[in-house]
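In what follows, a structure is listed as structure tokens, so that the remarks can point back to it.
All chains are named by letter (A, B, ...) in the order of the sequence lines, taking the proteins before the strands, and each is independently numbered beginning at 1.
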Number of protein chains: 2
Amino acid sequence: MAVDREQVLTQAAALLARRATTSMDEIARAAGISRATLHRHFAGRDALIRALEQHGIERFTQAMDAARLDDGPACDALRRLITEAEQVAGVLAFLFTENQLFEGAEINAGWARLDARLHALFRRGQEQGEFRIDLSAAWLTEAFYGLIGAGAWSVHEGRVARNDLNHSIAELLLGGIRRSMEK
Amino acid sequence: MAVDREQVLTQAAALLARRATTSMDEIARAAGISRATLHRHFAGRDALIRALEQHGIERFTQAMDAARLDDGPACDALRRLITEAEQVAGVLAFLFTENQLFEGAEINAGWARLDARLHALFRRGQEQGEFRIDLSAAWLTEAFYGLIGAGAWSVHEGRVARNDLNHSIAELLLGGIRRSMEK
DNA sequence: CTGCAGTGAGACATTGACGTCTCATTCGGG
DNA sequence: CCCGAATGAGACGTCAATGTCTCACTGCAG
């Protein structure tokens, strides 16, 4: 009975990430509820988007907390983050592709905090000699989002197996495409 | 006098990539023309989107041709492609993020052909031992688009200098984040 | 100068989504 | 079993964007 708010938001993110003009009716049907019920839980389209942003920020914050970004080698921290972020990939992809939403500067603050934490991880990795320094931390941050989004899309389209996603993102990000000559 | 169709499409891609719900009026004003004139050149919103797809496919095809993907080491071919694709990054980012567009199967064919060429490049790199084989060519293809899109966005937001974009994408894709121990 | 092609500005009806409402139904707890 | 809360289905009115149209203006070629 009680509508699963989490489920609705996840569905909405999946649809909106793929087509930003998805109607409330489509979102409702995808979530298995009626448009009326959707409106009962979210005052309107704007409210739904806002909730989606909030939800995404909260989930990603949890993922960062769980990954303990400040502990141990930056490489390992990044791997942990990818593992944690994988479950939020759909919502993250939406937030990343629809960045125009952040024009109202309120939510911007929450997102900026996440950005800063990720940025700090890459900087730490550079300072401690684990990461290369010819790629700016800002770029690595953006690239991280881009790969998470591409990964979510690839799984959704069936081009990448969900089980491989973690490894695919982490290895590409850390090691790149080129075949390593060592060992 | 004569409206610069190229200019209009480029502007439209930039706006639509950032906010897919951008109105025809906003697009027209961004392109420096009136809404009436915009409608004179593109029958409607759908027609504009279609033209954008077509334009993006053509430009990316040209980029691939210019990069000579089949010549020499795959690494070098990939670098050339990134250099060429950089100029189309805005349109590519739009096409990649709004993948929903490809439901009408006509354009799908043109896009699929580009996908196949890119896929083939990665496969060639793997078969010739340049690229690692634990990352599927399909994933590398998607990741390529993701990084191009993230790069275009980063430049647009001022987080990455345009001059660095080429190097940033190519190096991250080929070598990854981790600092190389060799040499 | 004249004519014309292209454009800007704006009016207009249409369309589709949105938000609100009502009413019947269903599910679950007491 | 019964009642209430939650839901589904649908009917509206509203509104913004769209697409089409007209009319006046501009710039340029002849």
Donor-acceptor side-chain pairing of A:Ser23 and A:Glu26 below 3.5 angstrom: yes
With a 4.5 Å limit on heavy-atom distance, are the side chains of A:Phe122 and A:Ser136 in contact? no
Does a salt bridge link B:Asp25 with B:Arg29, judged by any charged N lying under 4.0 Å from a carboxylate O? yes
Euclidean distance, atom CG of residue A:Leu48 to atom C1' of C:dA17 [Å, nearest integer]: 14 Å
Length of the line joining A:Ile33:CD1 and C:dC27:C1', which is rounded to integer Å: 17 Å
Among all residues two or more places apart in sequence or in another chain, which pass the side chain to side chain contact (heavy atoms under 4.5 Å, CB included) test with B:His39? B:Met24, B:Arg35
Whether A:Glu142 side chain and B:Ala150 backbone form a donor-acceptor pair below 3.5 Å: no
Reckon A:His41 has a side-chain N or O less than 4.0 Å from the OP1 or OP2 of D:dT7? yes
Listed by chain and number, what are the salt bridge (Lys or Arg N to Asp or Glu O under 4.0 Å) partners of B:Glu171, not counting sequence neighbours? A:Arg132, B:Arg79
Let me have a per-nucleotide readout for nucleotides 9-20 of chain D, 5' to 3', with B, S or -, counting only protein heavy atoms under 4.0 Å. B-B------BBB
What is the separation between atom CG on B:Leu38 and atom P on C:dG10, rounded to the nearest whole Å? 17 Å
